[in-house]
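The block underneath contains the structure these notes are about, expressed in structure tokens.
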Amino acid sequence: MNKLVKSLMIAAAVTLSAGTTLAAQAQDQSEAKNLDELLQLVEKNRVSSRELNAEREREFTAARADKQALLNRAEQQLEEEKARGKRLQEEFSENEVDLANKEQELENAKGTLGEMFGVVRGAATETIGRVATSIVSAQYPGREDVLESLSEAKELPTLEELEELWKALLTEMVESGKVVKFDTEVTLLDGGSETREVVRVGTFNLISGEQYLVYNDTTEQVQPLGRQPQGSATSQAEEFANTDEGYEGVFLDPSKGQILSLLTGKKTLEEHYHQGDTVGYVITAVLILGLLISVFKLVTLTTAAGKIRSQLKNADKPKDNNALGRILQVYHENKNADPENLELKLDEAILRETPRIESGINVIKILAAIAPLLGLLGTVVGMIGTFQSITLFGTGDPKIMAGDISMALVTTAMGLIAAIPLILAHSIVASRGKSIVHILDEQAAGIVASHSEKE
């Protein structure tokens with residue numbers, strides 16, 4: 001490699017020298033006037049070229065010596081670096097052995113502390129799950145951060161970390177027996193938030209006013225239930241939250257919010273009603289129509305009975321605004337008739353009054369009979385829908401069939417619910433109508449008997 005470099009450098013110098021000489025000779029030849037002068041110039045240029053080449057050779061030799069010195073220095077540095085690398089490799093191997101020995105010494109020195117390390121990590125991991133999901137974290141957020149670093153540690157825990165673990169366990173135990181009030185930010189269902197006074201009942205419930213709250217450990221936010229419990233649960237919660245002294249009852253969720261969260265999926269009475277669909281709406285219309293007719297008949301019959309009682313007090317002055325008055329008018333018009341004809345006239349008058357009294361009563365009875373039949377119709381429609389769902393989707397997902405089954409059961413219940421009050425209403429209205437007809441029959445029989453005595 002060195003010989004090749006040297007050869008290239010010599011060739012370049014010779015080429016440069018030759019080029020310079022030829023240029024000078026060409027210039028001198030252009031200046032020569034005859035052949036003798038030209039010969040002299042050529043000889044002169046040859047001498048100059050030899051001197052110039054000798055000078056260049058001396059310079060090249062000097063430069064070659066410098067390059068050789070640099071090459072020697074580089075080779076020496078290479079040898080030094082190789083020796084240094086070998087020495088570092090030996091030191092690395094020795095350090096590996098020392099490190100292994102030190103690790104073994106550390107394991108021997110730890111003794112039972114290694115078992116304690118495993119116990120601490122296990123306890124920290126278990127405590128994280130308990131603390132992170134506890135509603136106490138709504139009042140004391142960030143308690144699980146130190147425990148997470150402790151559960152993921154690769155070395156023995158420090159005294160400060162052990163104290164944090166002990167403090168977390170003790171705090172959870174102490175706070176589980178307290179009922180406290182504190183202010184915190186509550187995330188509302190519409191996406192907004194506001195600061196509220198919240199009552200924490202141990203590790204069971206969070207209450208604000210008449211609302212039950214839950215703690216979302218994923219987002220670390222306090223938020224109301226999607227649907228509050230029905231009945232006395234909310235009223236008792238409000239009374240409990242507003243109590244400053246004494247004792248007050250409240251519903252507790254021992255599952256720490258899971259049971260309350262399940263209530264959000266429980267359907268209300270209104271939702272159950274709408275599950276009846278078209279058949280349920282028809283049953284409702286039948287019930288409303290029957291009750292309206294019952295109320296109307298009850299009012300009219302009560303009014304008629306009042307007028308009849310008023311007429312009984314003035315039997316000598318019959319009025320045509322009541323059934324008894326019109327029957328008495330028939331009697332006064334046929335006073336001179338014999339008892340048999342008078343009885344027939346009065347029976348005819350009673351028969352004219354009976355349809356007016358009993359009109360609509362049979363409609364109530366018919367509606368009371370139709371309501372359970374409509375419920376049965378809804379049951380059949382719901383079961384048809386259930387079997388269609390089974391045919392299309394199979395029985396893998398019960399939720400697919402639940403809607404049609406709910407419709408079948410709800411319409412059955414609605415039919416019975418509608419029939420029961422309609423039957424009672426029919427019984428009341430029918431008895432009221434019969435009592436009026438009985439009064440008319442009684443008065444007619446009394447009139448005929450009195451007229452027969454007179455005869």
Side-chain angles (χ1 to χ4, degrees), residues 280-376 413-455:
Y281 301 147
V282 173
I283 293 174
T284 304
V286 168
L287 174 62
I288 294 174
L289 178 61
L291 292 178
L292 289 176
I293 294 174
S294 301
V295 171
F296 174 76
K297 289 302 299 181
L298 188 62
V299 171
T300 55
L301 292 177
T302 302
T303 304
K307 292 179 179 180
I308 289 174
R309 286 193 297 270
S310 177
Q311 183 65 61
L312 287 174
K313 298 178 181 178
N314 298 299
D316 297 334
K317 297 179 180 179
K319 299 179 180 179
D320 58 358
N321 63 349
N322 62 90
L324 181 58
R326 288 188 287 273
I327 291 174
L328 292 176
Q329 288 179 352
V330 172
Y331 166 68
H332 287 291
E333 292 173 357
N334 298 277
K335 280 185 177 181
N336 299 324
D338 57 277
E340 289 79 6
N341 290 330
L342 180 61
E343 183 179 1
L344 293 175
K345 292 289 185 181
L346 293 177
D347 289 340
E348 181 184 0
I350 293 174
L351 290 176
R352 285 197 301 268
E353 298 295 334
T354 301
R356 186 182 303 176
I357 296 172
E358 295 181 349
S359 64
I361 297 178
N362 289 331
V363 176
I364 300 173
K365 181 168 64 175
I366 293 172
L367 294 177
I370 289 176
L373 294 178
L374 289 173
L376 180 60
M414 292 179 67
L416 296 176
I417 292 172
I420 293 172
L422 289 179
I423 291 174
L424 293 176
H426 172 265
S427 176
I428 295 172
V429 174
S431 63
R432 185 63 58 88
K434 288 180 180 179
S435 65
I436 294 177
V437 174
H438 178 73
I439 292 173
L440 297 179
D441 289 337
E442 181 183 7
Q443 293 298 319
I447 292 173
V448 170
S450 177
H451 184 72
S452 298
E453 291 178 356
K454 292 179 181 179
E455 288 293 330

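Computed from a predicted structure; not experimentally measured. One-based numbering along the sequence shown.
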Return the minimal non-hydrogen interatomic distance between Q311 and K319, and the atom names on each side.
OE1-N, 3.1 Å

State, with a plain yes or no, whether a side-chain heavy atom of V363 is found less than 4.5 Å away from one of K297.
no

Show the numbers, then the answer: is there a side chain to side chain contact (heavy atoms under 4.5 Å, CB included) between I283 and L287?
CA-CA 6 Å; I283 293 174; L287 174 62; 5.6 Å; no

Between the CD1 atom in I357 and the CZ atom in R432, the distance rounded to the nearest 0.5 Å is 12.5 Å

Examine distances only and state if a side-chain atom of K345 and a backbone atom of Y331 form a donor-acceptor pair shorter than 3.5 Å.
no

Identify the two heavy atoms, one from L422 and one from A368, that lie closest to each other, and give their separation to 0.1 Å.
CB-CB, 3.6 Å

Return the minimal non-hydrogen interatomic distance between V286 and L367, and the atom names on each side.
CG1-O, 3.7 Å

Side chain to side chain, E353 and I436, heavy atoms closer than 4.5 Å
no

Does OH in Y281 sit with more than 12 non-hydrogen atoms of other residues, nucleotides or ligands closer than 6.0 Å?
yes

Out of curiosity, I327 CD1 to I308 CD1, how far, rounded to the nearest 0.5 Å?
8.0 Å

For S294 and I364, which heavy atoms make the closest approach, and how far apart are they?
OG-CD1, 3.1 Å

From L324 atom CG to R309 atom CZ, the distance as rounded to the nearest 0.5 Å
12.0 Å

What's the shortest heavy-atom distance between I361 and H426, and which atoms?
O-CD2, 3.0 Å

Just how far is it from atom CD1 of I288 to atom OG1 of T284, taken to the nearest 0.5 Å?
6.0 Å

So, taking the atom named CD1 in I428 and the one named CG in L301, what distance separates them when rounded to the nearest 0.5 Å?
12.0 Å

Donor-acceptor contact below 3.5 Å, side chain S310 vs main chain G306:
no

Atom pair CG/CD1 of L416 and I423 - distance to nearest 0.5 Å:
9.5 Å

Going through the distances and angles, do K365 and N362 end up as a side chain to side chain contact (heavy atoms under 4.5 Å, CB included)?
CA-CA 5 Å; K365 181 168 64 175; N362 289 331; 3.9 Å; yes

Here the pair of heavy atoms bringing N321 nearest to R326 is C-NH1, 3.9 Å

